[in-house]
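Ligands are counted one by one from 1 in listed order, and the atoms in each one are counted from 1 as well. The shown structure was predicted, so the numbers you read here are calculated from the model rather than taken from an experiment. Atom set for the values below is all heavy atoms of this structure, side chains included, hydrogens, waters and symmetry mates excluded.
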Amino acid sequence: MNNAAKLRIAVLISGSGTNLQAILDAIDSGELPVEIAAVISDKPAAYGLERARSVGVKAIAIDFAAHTSRADYNAALDAALAEIDPQLIVLAGYMRILPDPTVNHYLGRMINIHPSLLPAYPGLNTYARALQAGERHHGTTVHFVIPELDAGPAILQYRVSIDATDTEDTLCEKTQRGEYIIYPQVIRWFAEGRVAMENHPDCRTIMDGQPISQPIVIDADENTHP
Ligand code: GRF
């Protein structure tokens, strides 16, 4: 596939960037027809920026701590995104809540990965909360971003079982293994025009031209693949 046909994406991170790495690897192997126009982090020390630089991808630090106000930081982020003009924004461990106008501007063109089987466990500390509640299953969800936190239409989930011996670390490890499968997969679907978000009358996921009321699920134990 030539460059002209590639979807331009921006990846927003705050930390280690293992999901970013999975996306970079999928691009490198020729499985993902996208071009990362830039990786942006609110933390200059985020290791994900290093991952981007090491393969020649533009890495931009917009240091939240160096801005005088949240509004100032948001304006800098908006300006950077406008300059990049991405066709899709991929939130990959970006730990800030984006303001509504930014989310609305990119509505249907922004996705996130959240480590739970949404709508269960929005917010933080999902592994600890799932273990604490005695859940039998946990997982991770790729969804479109809407102003309400972790509430946008889900696209694809990866589901794992929780064993009696699981700790936060083991649960995180097996869930993230699934993230590295489902995030590149959804980006590929978006690039191919197979998945989109419809906004009226409600926000919902459209897959292959049909609305879906439930996300597609890959079950780690059944080894099912969409
Ligand atoms: C991922 O596990 C994702 O679910 C959550 O943040 C984590 C980011 O990890 N939103 P990494 O920076 O991609 O390693």
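- Between Thr140 and ligand 1, no N or O atom pair is found at a separation short of 3.5 Å.
- Listed by atom number, the atoms of ligand 1 under 4.0 Å from Ser16 heavy atoms are 12 (O), 14 (O).
- At a 3.5 angstrom cut-off on N or O pairs, Ile113 counts as close to ligand 1.
- Thr141 places no side-chain N or O within donor-acceptor distance of the main-chain N or O of His143, the cut-off being under 3.5 Å.
- For ligand 1, the polar-atom distance check finds an N/O of Asn19 within less than 3.5 Å of one of the ligand's N/O atoms.
- Of the N and O atoms on the side chains of Tyr158 and Thr175, not one donor lies less than 3.5 Å from an acceptor on the other residue.
- When all heavy atoms are compared, the tightest approach of Ala151 to Ile146 is O-CD1, 3.7 Å.
- Backbone and side-chain nitrogen or oxygen atoms of Gln176 are examined, and one is located within less than 3.5 angstrom of a nitrogen or oxygen of ligand 1.
- At under 3.5 Å, a nitrogen or oxygen of Gly17, whether backbone or side chain, sits near a nitrogen or oxygen of ligand 1.
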Go through it in stages, so that I can follow the logic: the residues are Gln21 and Arg51, the test is side chain to side chain donor-acceptor pair (under 3.5 Å), and I'd like the CA-CA distance, side-chain angles, deciding distance and then a yes or no.
CA-CA 7 Å; Gln21 190 63 55; Arg51 295 181 193 269; 3.2 Å; yes
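- Protein heavy atom at the shortest distance from atom 1 (C) of ligand 1 is Glu179 OE1, 3.1 Å.
- A salt bridge is absent between Glu192 and Arg188: the closest approach of a Lys/Arg side-chain nitrogen to an acidic carboxylate oxygen does not fall below 4.0 angstrom.
- The single protein non-hydrogen atom nearest to atom 14 (O) of ligand 1 is Thr18 OG1, 2.4 Å, given as residue, atom name and distance.
- The closest donor-acceptor contact from the side chain of Gln157 to the backbone of Pro215 lies at 3.5 Å or more, if one exists at all.
- Between Lys174 and Asp166, at least one side-chain nitrogen of the basic residue sits less than 4.0 Å from a carboxylate oxygen of the acidic one, meeting the salt-bridge criterion.
- Counting protein heavy atoms only, atom 6 (O) of ligand 1 is closest to Gly93 CA, 3.5 Å.
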